[in-house]
Amino acid sequence: MALKIYNTMTRRKEEFTPREDNKVGIYVCGVTPYSDTHLGHALPSVLWDVFRRFLRYRGYDVTLVQNFTDIDDKIIARANKEGVPAQAIARRYAQDYLESMDALGVERADHYPLVSEHIPHIIDMVQTLIDKGFAYVEGGDVYFSVEKFPSYGRLSRQRLEDLVEGESAGEGKRHPVDFALWKAAKPGEPSWDSPWGPGRPGWHIECSAMSLHYLGNCFDFHGGGVDLIFPHHENEIAQSEAYTGEEPFVRYWLHNGLIKIKDAKMSKSLGNFVTVKELLAEHPPELIRFFLLSAHYRSPLEYHEDKLAEVRRGWERLNSAYKTLTAAIAQEREADGEVPSPMKESLQGALKDCREGFIGAMEDDFNTALAIAALFDLARETNTFLAEAQPPYDAEALELLREAAELFRVFGGEILGIVQEPGPAGDDKLVQELLDLVIELRSQARARRDFATADAIRDRLREMGIALEDTSGGVRWRWL
RNA sequence: GGCGGCAUAGCCAAGUGGCUAAGGCGGAGGUCUGCAAAACCUCUAUUCCCCAGUUCGAAUCUGGGUGCCGCCUCCA
């Protein structure tokens, strides 16, 4: 099997081959830190967290870079409003972003470059573009000349002539679509010295400078929301390829769909966003990830207030299947029973289906929705097995159950991050033995029809975060 | 106006030429059970926005229409 990726550049699924050996370089457009981190920011971060974990699982050596655009009009505006330095705003919200992502279980990227720390690289790049004739100086501004780059518009499939209409014919721009690489400083703005006078980088140049710096020419993946295709990524391509003289700047372009609220894009400017921290106050991170991964990454994802409550049941079923399974394994110590072969064969088949289904789904353009379905299928099988097979199990059955638990742990936990690890002391011998004792005493109470005592024990355990279930196969406990 | 995308059950959502149109939620019935909880089983789209066409065969390809979304200004 091979990994297939839908490339925005070609609008087709393509087989993935890394630029170099088994190394994979990924650049994901990060946030402009000027206000609270919302769910729309979380989406690409969670997606790439999952993609990266899956690639690593498949043996790739992954380098992930995600920038902070810490120099920007909105940051400056906010800083002026609050009367603090722009850098303080950027730092505060970058911190908020990282905290939010940590809480969502997003593994840290390898690099989080800041524009403000790469000014020399940017100046270098702009100068080279001028020297090569792709850019020109106008006053203290520097513009990229789109007419000098014949394939401009390839990513977004737009012709230069069609773009002209929407563009503000500009102050000193030779062509309306030309975009700023460097902006002359205005009073009260942070600025840096440059060969063209004091100023700051234009919007798109930072991603080119930093991605090339950390990942080199022609790196593997570039990600971001579909709203970045034009002009941001289009401009990145133009300036990067003009600068390096090599193409492609990026080998596979991936764009995720946007989160919508009532059919409109969730965004700061529309004010219709939920912050990640608000969500985390009410929902476990695994559930939030489950929601974000429940549709294919390229589809738009509708959010509303009850959304997480709606998906919660399914998510709980998946998790409780895993908890029930690990508890059953932990409670099974002798392995001297006998389980009918058909049951074991059926479970074995389910393991194979899950493994192939999950990997196949992920390799088909990171189809997380389908991958999750493979876990649901496994959950049904393990639940059935545990409901029907009478303990004690035999060694072979126990081994199959362990394999199933491993699939939940690796696929659901390590890769997707939607399955929680069972309670704090799942393997603790003392907990195990104490529970055995409590369950035994409760069973005696039930046997003499002292249900008040039996129910009291069950209630107290529940308060402690342990659920007891009286099944036909005996009493089982699991962490809540 | 230009460009790109989407439309599958009550809801969410896979599927992009051919086995019974995945999976989840919700709903109905059932099994288990002292109760509870959990779980399992059965049912819940003769049909994929509409109309033409290509094909032995289409949700899937082509053309047209309708509706919605995104981008063209900052945006994940």
Side-chain angles (χ1 to χ4, degrees), chain A residues 8 11 13 28-32 34 37-48 66 69 72-74 77 97 153 155-159 161-168 177 203 223-232 234 255-260 263-270 273 290-291 294-296 298-302 306-307 309-318 320-321 323-324 357 361 364 367-377 379-388 446 449-452 454-455 458-459 462 467-473 476 478 480:
Chain A
T8 307
R11 315 267 162 170
K13 277 187 198 170
V28 180
C29 280
V31 297
T32 299
Y34 75 100
T37 306
H38 67 66
L39 193 60
H41 301 126
L43 179 61
S45 305
V46 168
L47 290 173
W48 282 100
Q66 186 168 30
T69 301
D72 173 90
D73 290 344
K74 285 166 305 202
Y97 173 83
L155 181 70
S156 57
R157 314 235 148 165
Q158 308 211 69
R159 295 178 313 166
E161 308 88 82
D162 296 333
L163 286 168
V164 172
E165 198 169 334
E167 269 304 315
S168 52
V177 183
W203 173 31
V226 289
D227 53 347
L228 294 178
I229 293 173
F230 190 88
H232 188 52
E234 195 70 70
H255 292 97
N256 58 272
L258 304 178
I259 293 184
K260 301 188 305 171
D263 289 332
K265 173 170 90 162
M266 177 182 291
S267 76
K268 289 179 201 168
S269 38
L270 293 175
F273 57 88
F290 180 82
F291 165 62
S294 65
H296 186 89
R298 277 188 281 118
S299 313
L301 192 57
E302 177 84 27
D306 303 326
K307 197 76 208 188
E310 283 170 16
V311 298
R312 185 162 193 139
R313 286 291 288 233
W315 173 79
E316 278 173 351
R317 199 174 125 235
L318 204 55
S320 82
K323 286 174 190 168
T324 305
D364 187 5
N367 193 333
T368 53
L370 197 55
I372 289 172
L375 290 177
F376 271 106
D377 289 337
R380 194 178 50 249
E381 292 294 333
T382 57
N383 282 334
T384 300
F385 184 95
L386 294 176
E388 290 180 356
R446 289 178 72 211
R449 305 194 67 80
D450 178 4
F451 296 123
D455 291 353
R458 188 171 61 196
D459 292 345
R462 177 163 279 270
L468 285 193
E469 286 163 9
D470 302 321
T471 72
S472 58
R476 287 228 171 76
R478 62 180 172 86
L480 284 169

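Just so you know, these numbers come straight off a predicted model, no measurement behind them. Every chain is numbered from 1, with letters handed out A, B, ... down the list of sequences.
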Nucleotides 31-39 of chain B: protein proximity per nucleotide (B base, S sugar-phosphate only, - neither; heavy atom, under 4.0 Å): ---BBBBSS

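Inter-residue side-chain proximity for A:L301 and A:F291 is flagged as met; some heavy-atom pair is nearer than 4.5 Å. At least one side-chain heavy atom of A:L318 sits under 4.5 Å from a side-chain heavy atom of A:F376. You'll find the side chain of A:F230 stays beyond 4.5 Å of the side chain of A:R157, heavy atoms only.
Taking both residues in full, the closest heavy atoms of A:H255 and A:G225 are given as CD2-O, 3.4 Å, listed atom of the first, atom of the second, then distance. Looking at every heavy atom in both residues, A:N367 comes nearest to A:H296 through CA-ND1, 3.9 Å. Residues A:E234 and A:G153 approach most closely at OE2-N, 2.9 Å, considering heavy atoms. Across A:V31 and A:H41, no two heavy atoms sit closer than the pair CG1-CD2, 3.5 Å. The two residues A:R462 and A:A467 come nearest to each other via the heavy atoms NH2-CB, 3.9 Å.
Rounded to the nearest Å, the gap between the P atom of B:A14 and that of B:U8 is 11 Å. When the C1' atom is compared between B:A52 and B:U66, the two are found 15 Å apart, to the nearest whole Å. When the C1' atom is compared between B:C50 and B:A58, the two are found 16 Å apart, to the nearest whole Å. Rounded to whole Å, the separation between the C1' atoms of B:A59 and B:U46 comes to 14 Å. B:U33 and B:A39: their C1' atoms are spaced 12 Å apart (whole Å). Remark: the separation of the P atoms in B:U42 and B:C25 is 15 Å, to the nearest Å. With both ends at atom P, the span from B:G64 to B:U44 equals 38 Å, rounded to whole Å. As rounded to the nearest Å, B:A7 and B:U16 have P atoms that lie 12 Å from one another.
A:H296 comes within 4.0 angstrom of sugar-phosphate atoms only, judged by non-hydrogen atoms across all strands, and of no base. Nucleic acid contact class of A:D377 (heavy atoms, under 4.0 Å, all strands): sugar-phosphate only. Using a 4.0 Å heavy-atom criterion, one finds that A:Q158 contacts the bases of the nucleic acid, with or without backbone contacts as well. Contact annotation for A:T8: no contact, since no heavy-atom pair falls under 4.0 Å across all strands. Residue A:S45 is out of contact with every strand shown, counting any heavy-atom pair closer than 4.0 Å. Residue A:G30 is classed as a sugar-phosphate contact, given heavy-atom separations below 4.0 Å to backbone atoms only. Nucleic acid contact class of A:G40 (heavy atoms, under 4.0 Å, all strands): base. Contacts of A:L258 with the nucleic acid, taken as non-hydrogen atoms under 4.0 Å apart, include base atoms.
Considering only side-chain atoms of A:I259, the nucleotide from B:G23, B:G15, B:A76 that sits closest is B:A76. Of the candidates B:G23, B:C72, B:A76, B:C72 carries the atom nearest the A:L163 side chain, counting heavy atoms from C-beta on.
No salt bridge links A:R476 with A:D470; every basic N to acidic carboxylate O contact stays at or beyond 4.0 Å. Of the charged side-chain nitrogens involved, none lies within less than 4.0 Å of a carboxylate oxygen, so that A:K307 and A:E302 do not count as a salt-bridged pair. By the 4.0 Å N-to-carboxylate-O rule, A:R380 lies close enough to A:D377 to be salt-bridged with it.
Rounded to whole Å, the distance from CD1 on A:I372 to C1' on B:C12 is 12 Å. As rounded to whole Å, 11 Å separates atom C1' of B:A76 from atom CE of A:M266. Across the protein-nucleic acid pair, A:L370 atom CG and B:A14 atom C1' stand 6 Å apart, rounded to whole Å. B:U73 atom P lies 7 Å from atom CZ of A:F230, rounded to whole Å. Distance CZ (A:R157) to P (B:C72): 19 Å, rounded to an integer number of Å. In this structure, NZ of A:K260 is placed 16 Å from P of B:G5, rounded to the nearest angstrom. In this structure, A:K307 atom NZ and B:A13 atom C1' are separated by 10 Å, rounded to whole Å. We find that CG of A:D227 is positioned 16 Å from C1' of B:C6, with the value rounded to whole Å.
Comparing A:R11 and A:L228 against RNA chain B, the residue whose closest nucleotide sits nearer the 5' end is A:R11. With the nearest nucleotide of RNA chain B identified for both A:F290 and A:R159, A:R159 has the one nearer the 5' end.
Surrounding CZ of A:R449 are at most 12 heavy atoms belonging to other residues, nucleotides or ligands under 6.0 Å away.
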If a pair means Watson-Crick or G-U wobble with both distances below 3.5 Å, what does RNA chain B look like in dot-bracket form, with | marking bases paired to a different strand? ((((((((.[[[..)..(....]]]((((((.......))))))....[[[[[..)....]]]]])))))))....

